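In what follows, chains are A, B, ... by sequence order, proteins preceding strands, each numbered from 1. Quantities reported herein were computed from a predicted structural model and do not represent experimental measurements. Only heavy atoms go into these numbers, but all of them, side chains included; no hydrogens, no water, no symmetry mates.
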Protein chains: 4
Amino acid sequence: MAKHTRLTPRKQPRQERSRATVDAILQAATYILVKSGWAALTTNAVAERAGVNIASLYQFFPTKEAIVAELERRHIAETRAKIAEVYVRHRGDGLEARVRTLVDAAVAAHLVAPELHRVFSDELPRRREETVEEPPLIDRADKSRLAKGVPQPALASWLIETVAHAAVHEGIVERRSDVQSGALADELVKLLVRYLER
Amino acid sequence: MAKHTRLTPRKQPRQERSRATVDAILQAATYILVKSGWAALTTNAVAERAGVNIASLYQFFPTKEAIVAELERRHIAETRAKIAEVYVRHRGDGLEARVRTLVDAAVAAHLVAPELHRVFSDELPRRREETVEEPPLIDRADKSRLAKGVPQPALASWLIETVAHAAVHEGIVERRSDVQSGALADELVKLLVRYLER
Amino acid sequence: MAKHTRLTPRKQPRQERSRATVDAILQAATYILVKSGWAALTTNAVAERAGVNIASLYQFFPTKEAIVAELERRHIAETRAKIAEVYVRHRGDGLEARVRTLVDAAVAAHLVAPELHRVFSDELPRRREETVEEPPLIDRADKSRLAKGVPQPALASWLIETVAHAAVHEGIVERRSDVQSGALADELVKLLVRYLER
Amino acid sequence: MAKHTRLTPRKQPRQERSRATVDAILQAATYILVKSGWAALTTNAVAERAGVNIASLYQFFPTKEAIVAELERRHIAETRAKIAEVYVRHRGDGLEARVRTLVDAAVAAHLVAPELHRVFSDELPRRREETVEEPPLIDRADKSRLAKGVPQPALASWLIETVAHAAVHEGIVERRSDVQSGALADELVKLLVRYLER
DNA sequence: CATGAATGAGTTTTCATTCAT
DNA sequence: CATGAATGAAAACTCATTCAT
């Protein structure tokens, strides 16, 4: 029953042409996912939109899922990069500074490709098993430091991450202007700081 | 003639026999959704598991989506009832009491049928158009009162609802024991109260 | 999204192999239509008789109707050719010669594939909208000349075309031998000439 | 394979109520046939529109075809009556009088229920075997008398019936106003008389 | 490698007809 | 007899994936 689906691309494209093909496929898949959703994502549709032959598609991706997985992988890589960037830029040692960094990271991560992000988190039929791992919004070490001192550190740590993520994630869709103006981030920082101090 | 995506049942069952049929269909659909997810929910699978003929299924539901919609409708009715119950039982006028009520309501709502709830909110391909409306976790009037006095009442009101919902929703899956022990609720109350008081 | 009832083939076959597939499909459809009628024309039956996979059929034809439409298109092309042939061969300027040409054309048209013709005109559920256009049996210019001089030219013109067509059309089925011997054509010519002269 | 479909109603309705049921069924069938065509004529649709239970429908008609057959039978009875009426009223012994009678009969017959007539003759999947027999437009004796004297009496007799029928039949659809004004009948009489005299 | 073609195995949905009460 | 319910059988159409050249 398991069918042991590999989620890795079949082969690395070596030549220019191949890389272009793979990119075309991934772009087409992205477009379809964002525009029409998971149900419309058929391999034939992807191939057609990408302008490549369906058999060529299977030269590079062993299954449909592999395409999506690769998409996620790339998306997550970009996200991680953005988060890292924020962590590098911002610094400061007070509680508020550190919380703000984490919120900014969450916002930056979600602004990489909001629609695609939405599709990934809301619409894809999740396999519970093999999944590409999502990047945590907060540096592990930092998280511990933040939650240190509060009565239930593990729970608190989980809570702030969950809350920060949810607020930004939903906010992107439901409160876009507040996200862009920074108002949402400000409120969120306030909420987290008050929770964490003392 | 235009396949009018009806989400309502085609006809009500009148006799005992057919009421049993409809229930069997809904139970089967629930089982499949929870166990195997949306992708596995085919009308044939539902009919087979329900032990009814596929044509009988179509006597009562015009499409697959209508089955799910009915499931949601029933789930939401139960959820609403549970929330109302909490609001009736708890009372108290202090900020903390009111926040606790709201958190308890969220927890109660999520404990009605956690797996099904997860499927509904995480896995279904959402139609942007017609959707069964989800019940808010907080009484409207109450929400306004809670957020009154803070600088950005509308944003704050949205934030506390989003945060409460997300924490409970994710907690049910990732922190089940903390939910059941009440620890998560306690932390969440602390977080919200500190944010709201002054 | 609206099932756009396309009556045109989905794509042209490019290689020998697929041309054979398409031909097999069309032949099978013809066979079934003639032998068993429209009601028996199911895509599954066509595919099976053609010895091709049902999915292959759908690679080339978007709907059952498109198959029939293609059949009609081809049939009409042949018919037109036959009619043109008659018009080229025969000539003569007297009334009788012109009438005989028209009758001969009608007969020739109906002898291209009588059974198929019968199916097309008697048995298909006509869509009022998009339909493949039937070729007129009579050259427009010729028709006008024929009916000129009579009191109600438009009506007369319609009448002779209708009458000629009907006589041959019914005759093919009910009076085949008279059609083949030429006796029916002779009578029909007599009928039309007497009507038109004066 | 033959399934031996009886085309006669299962039982004669004895009571008032039953007769009403049967009539409702036949009316509903007529409505659907005329409005939506043969393809839409499903037993379920007929029962629903007639306001009777599907099982009741099968109390009176053994198959779907039996409904249509009964419809045809009634239509033909009415048609026959109308034709007979014309034959009784009109009289006169000259060729033209007799031809006019026959044309009038054809027109009268077609005006009984033109839409239904069209459905019966153009749209129904004809079984070649068992069919309800259509009434000839011309009295047999009369036909012989008309065609007597011409060289090929049998063929001529067939021809005039075919031609008269076709002209009226097509005219009802394509030349309705000419039919109603009598112009078409006049032309048709002219055509037939000229053919028959001598 | 690229491409056109092919296909097994579904999926949704309908319909004529019968059954149980 | 009437009614609600049930159903076998099939129809139209799709899709992920492989094959042949």
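A donor-acceptor distance shorter than 3.5 angstrom exists from the side chain of T63(D) to the backbone of A66(D), with no hydrogens or angles considered.
At dA16(E), one or more side-chain N or O atoms of T43(D) fall inside 4.0 Å of OP1 or OP2 (strictly under the cut-off).
With hydrogens and angles ignored, no donor-acceptor pair closer than 3.5 Å exists between the side chain of N44(C) and the base of dA10(F).
Backbone-only engagement by R10(C) is indicated by non-hydrogen atom pairs under 4.0 Å involving sugar-phosphate atoms exclusively. Within the nucleic acid shown, R14(B) comes within 4.0 Å of sugar-phosphate atoms alone, with no base atom in reach, counting heavy atoms only.
With DNA chain E read from its 5' end, the first of the two nearest nucleotides for Q59(B) and I54(C) is the one closest to I54(C). The nearest heavy atom of DNA chain E to L41(D) and to R17(B) marks one nucleotide each, and the one closer to the 5' end goes with L41(D).
Base pairing of dA11(F) is made with dT12(E), judged by Watson-Crick or G-U wobble geometry with both donor-acceptor distances under 3.5 Å. Pairing partner, dT21(F): dA2(E), with both Watson-Crick or wobble hydrogen-bond distances short of 3.5 Å.
Under a 4.0 Å N-O distance rule, the pair R74(A)/E70(A) qualifies as a salt bridge.
The only member of L41(B), L33(B), L71(B) that meets side chain to side chain contact (heavy atoms under 4.5 Å, CB included) when paired with V119(B) is L33(B).
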Quick one: do R118(B) and E115(B) satisfy salt bridge (charged side-chain N to carboxylate O under 4.0 Å, His left out)? Show the steps, please. CA-CA 5 Å; R118(B) 196 194 55 72; E115(B) 289 86 2; over 6 Å; no
